[in-house]
Amino acid sequence: MNFQVTVLKILVSYPGGFAPMAELKRDMAILATSGRDWAERTKRMATRAPDLDIFSQRLIERVNGGWRITEKGRAVLDVMEARSIPTEMQPEMIAPASELAQPTPADTLPVRVAPGPSERRRRRRVSGSGSRANRA
């Protein structure tokens, strides 16, 4: 797990980007024990910012017993989270919009109206399930 990426991800999830140290430590502990997925994800993200140093680059600031992510920190996190397009989804492999099936407008779809109480009674009489004698 990449500690610095994890700190940025935790802080950005809090209102105003501020988390008290106790909550930050709790969230770190949860993520540290959450399995390989988180560790691999943060390591992948860290490769997009190899010289990441959240303190010296002023990506976070220490405030009143906690840490707050700065606007610069948010921008760096956005860059790290930007996903590259997988090879199989390269633009030349994607069908142009003109070749895709056009959706059906909602006003041309058939509308099914739920039966009212009288219709439901009629259906019960026809099927025989409406009489009290048939109920046990």
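Note that the coordinates shown come from a computational prediction; the quantities given were computed from them, not determined experimentally.
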Listed by chain and number, what are the side chain to side chain contact (heavy atoms under 4.5 Å, CB included) partners of R68, not counting sequence neighbours?
-> F18, E61, V63
Co-membership, hydrophobic cluster, residues M80 and F3, 4.5 Å side-chain = yes
Before giving the answer on side chain to side chain contact (heavy atoms under 4.5 Å, CB included), spell out for V5 and K43 the whole-Å C-alpha distance, their side-chain angles and the decisive distance to 0.1 Å.
-> CA-CA 8 Å; V5 172; K43 286 178 185 175; over 6 Å; no
Between I60 and M21, is there a shared hydrophobic cluster once you connect ILVMFWY residues whose side-chain heavy atoms come closer than 4.5 Å?
-> yes
Is there side-chain contact between I69 and V7, with heavy atoms separated by less than 4.5 Å?
-> no
Looking at side-chain heavy atoms only, is the closest gap between W38 and T6 below 4.5 Å?
-> yes
Listed partners of D53 passing side chain to side chain contact (heavy atoms under 4.5 Å, CB included), at least two apart = Q4, F55, S56, Q57
Contacts satisfying salt bridge (charged side-chain N to carboxylate O under 4.0 Å, His left out) that involve residues 24-35 (not counting sequence neighbours) are none
Kindly say whether A82 contributes a backbone atom to a donor-acceptor pair with the side chain of R48 at under 3.5 angstrom?
-> yes
So how far is it from L59 CG to L52 CG, rounded to the nearest 0.5 Å?
-> 6.0 Å
Summary of salt bridge (charged side-chain N to carboxylate O under 4.0 Å, His left out) pairs that have at least one residue in residues 7-22, sequence neighbours excluded | K9-E81
Counting N and O atoms only, with roles assigned by atom type, does the side chain of T70 sit under 3.5 Å from a partner on the main chain of R58, one being a donor and the other an acceptor?
-> yes
In short, side-chain hydrogen bond (donor to acceptor under 3.5 Å, both in side chains) pairs touching residues 71-80 with sequence neighbours left out are none
